[in-house]
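Both ligands and their constituent atoms are indexed starting at 1 by order of listing. The shown structure was predicted, so the numbers you read here are calculated from the model rather than taken from an experiment.
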Amino acid sequence: MSVRVGILGATGAVGQRFIQLLDDHPTFELAALTASDESAGKSYRKAAKWRVDTPIPADVAEMTVRKTDPADVPADVDLLFSSLPSSVAADVEPAFLEAGYVVSSNSSNDRLAEDVPLTIPEINPDHLDLIEVQRDERGWDGALVKNPNCSTITMVPTLAALDRFGLERVDVATLQAVSGAGYSGVTSMEIIDNVLPHIGGEEDKMETESQKLLGTFDGAEVDWHDVDVSASCNRVASLDGHLENVFADLSEDPSPGDVAEAMREYPGVDLPSAPNQLMHVFDDPSRPQPRLDRMRGDGMQISVGGVQETPRGVKYNCLAHNTVRGAAGASVLNGELLAENGYL
Ligand SMILES: NC(=O)c1ccc[n+]([C@@H]2O[C@H](COP(=O)([O-])OP(=O)(O)OC[C@H]3O[C@@H](n4cnc5c(N)ncnc54)[C@H](OP(=O)(O)O)[C@@H]3O)[C@@H](O)[C@H]2O)c1
């Protein structure tokens with residue numbers, strides 16, 4: 001069955017990844033693109049500063065960019081992917097939901113709302129049924145699902161694998177790529193020959209979203225995991241791919257081999273955009289590296305390396321592609337989960 005999809009914020013860094021990932025998708029058919037009023041009315045080719053590593057699909061290049069307004073999007077679009085700035089999304093997404101659209105969104109607004117599923121299909125697919133609570137409470141026919149922040153989604157699968165060893169506390173330092181800030185986020189004068197040791201709001205997102213994602217859903221609400229997470233987030237001069245140094249305190253005492261095995265064996269999901277294996281664990285302690293490893297599993301796999309014991313548990317490095325697994329790919333996977341669960 002073909003599903004007609006649209007992209008809100010289609011001209012940006014994440015919007016372009018959506019277009020790349022949706023090209024040749026087995027069931028999703030791209031039917032609408034929106035952006036700001038400045039881009040509306042232009043062909044996509046003219047409106048977007050295309051920078052992903054494959055050409056703009058020919059049919060997409062000639063599509064006309066629409067206003068980001070429910071009145072401007074065809075009513076027969078079944079699913080909207082949102083990659084709007086969160087300040088814009090906070091105003092605009094509710095209008096689409098009230099108009100009956102189903103939205104799979106990257107934007108950070110509402111990720112922690114009690115009735116909004118924050119979902120990684122391999123980790124907490126059951127949380128998707130919060131949509132029933134959301135529809136009851138908000139009285140809309142549409143549905144909103146969020147994927148987590150790009151730095152959170154890189155680490156949380158590894159924590160889910162560690163949970164069986166009594167996950168108590170996590171300290172993490174990130175080395176985040178410039179594309180994570182969007183096109184106008186970081187200038188070359190700021191980042192070349194430099195590291196920026198602060199990314200506004202990012203630490204808080206890692207600390208809270210991780211607890212919600214690892215929480216348990218009882219059919220009415222999510223009981224957040226009580227793991228303490230402390231994050232320090234840094235912007236570095238790689239283009240794509242966030243690398244993170246994780247230190248996890250555990251109540252049990254697994255060997256590094258046990259930890260690597262738990263990560264390698266963590267189950268995946270049978271959805272079109274999911275990687276065959278969720279986590280790849282390197283024995284080589286010099287991996288993963290952004291340039292070499294961000295495209296593993298078509299950018300959807302989490303890479304891990306350098307697993308070592310510490311006095312309180314383990315430490316390791318993990319890496320994911322921030323605009324694929326960390327943004328557009330995560331949202332497409334949530335769209336596939338929505339379809340599989342009959343929400344479209
Ligand atoms: N980049 C990442 O790695 C990443 C990862 C996870 C989540 N996210 C989240 O994804 C969202 C998009 O990020 P991005 O990096 O793609 O940003 P971006 O490159 O700045 O793109 C923003 C998009 O939103 C559109 N837009 C801006 N203002 C608008 C308005 N007032 N009305 C309608 N459309 C408007 C832009 O259209 P114009 O081209 O017409 O201005 C563009 O299409 C953000 O919420 C971000 O936090 C990003």
Side-chain angles (χ1 to χ4, degrees), residues 6-21 32-52 60 63-73 80-93 95-96 103-111 118 120 144 146-156 174-187 199-202 204-206 209 233 235-236 238-244 290 294 299-300 319-334:
I7 304 170
L8 310 179
T11 50
V14 178
Q16 296 186 18
R17 281 286 175 201
F18 272 125
I19 286 168
Q20 187 187 41
L21 296 177
L33 305 172
T34 85
S36 74
D37 288 355
E38 280 166 38
S39 299
K42 296 179 185 166
S43 68
Y44 186 77
R45 183 197 303 282
K46 288 206 174 119
K49 295 188 191 77
W50 186 259
R51 66 152 283 268
V52 297
V60 176
M63 284 174 76
T64 301
V65 177
R66 298 164 185 265
K67 288 187 179 175
T68 304
D69 182 330
D72 218 31
V73 173
L80 288 169
F81 295 111
S82 172
S83 50
L84 295 165
S86 52
S87 56
V88 176
D91 286 336
V92 166
E93 287 177 357
F96 280 94
V103 179
S104 175
S105 170
N106 274 298
S107 307
S108 58
N109 56 299
D110 283 329
R111 281 192 190 136
L118 177 67
I120 303 172
L144 177 63
K146 294 271 170 176
N147 52 264
N149 175 265
C150 45
S151 50
T152 309
I153 204 169
T154 302
M155 172 180 73
V156 161
T174 69
L175 299 99
Q176 297 184 218
V178 289
S179 62
Y183 280 126
S184 47
V186 183
T187 67
I199 304 175
E202 197 84 352
D204 190 48
K205 287 176 193 165
M206 290 193 81
E209 291 176 17
C233 296
R235 185 77 65 201
V236 299
S238 49
L239 188 59
D240 290 313
H242 292 350
L243 181 66
E244 304 183 354
R294 60 195 169 206
M300 291 295 282
L319 171 95
H321 196 302
N322 53 296
T323 61
V324 183
R325 175 49 93 158
S331 208
V332 169
L333 206 54
N334 275 343

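Lys146 and Asn109 share a side-chain donor-acceptor pair at under 3.5 Å.
Applying the side-chain contact (heavy atoms from CB on, under 4.5 Å) rule to Leu84 yields the partners Leu8, Thr68, Ser82, Val88, Ala89, Val92, Ser107; only residues at least two apart in sequence or on another chain are considered. Take Asn147 and apply the side chain to side chain donor-acceptor pair (under 3.5 Å) test, not counting sequence neighbours, and it matches Asn106, Ser331.
Protein residues lining ligand 1, listed by chain and number: Gly9, Ala10, Thr11, Gly12, Ala13, Val14, Ala35, Ser36, Ser39, Thr68, Ser83, Leu84, Pro85, Ser86, Val88, Asn106, Ser107, Cys150, Ser179, Gly180, Gly182, Tyr183, Asn322, Thr323, Gly326, Ala327 [non-hydrogen atoms, distance under 4.0 Å].
Listed by first then second residue, pairs satisfying side-chain hydrogen bond (donor to acceptor under 3.5 Å, both in side chains) with a partner in residues 35-50 read Arg45-Glu62, not counting sequence neighbours.
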- For side chain to side chain contact (heavy atoms under 4.5 Å, CB included), just list the numbers for Arg51 and Ser179, CA-CA rounded to whole Å, side-chain angles, deciding distance to a tenth of an Å, and then say yes or no. CA-CA 11 Å; Arg51 66 152 283 268; Ser179 62; 4.2 Å; yes
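Minimum interatomic distance between Ala13 and Gly182 (heavy atoms only, all atoms of both residues): CB-CA, 4.3 Å.
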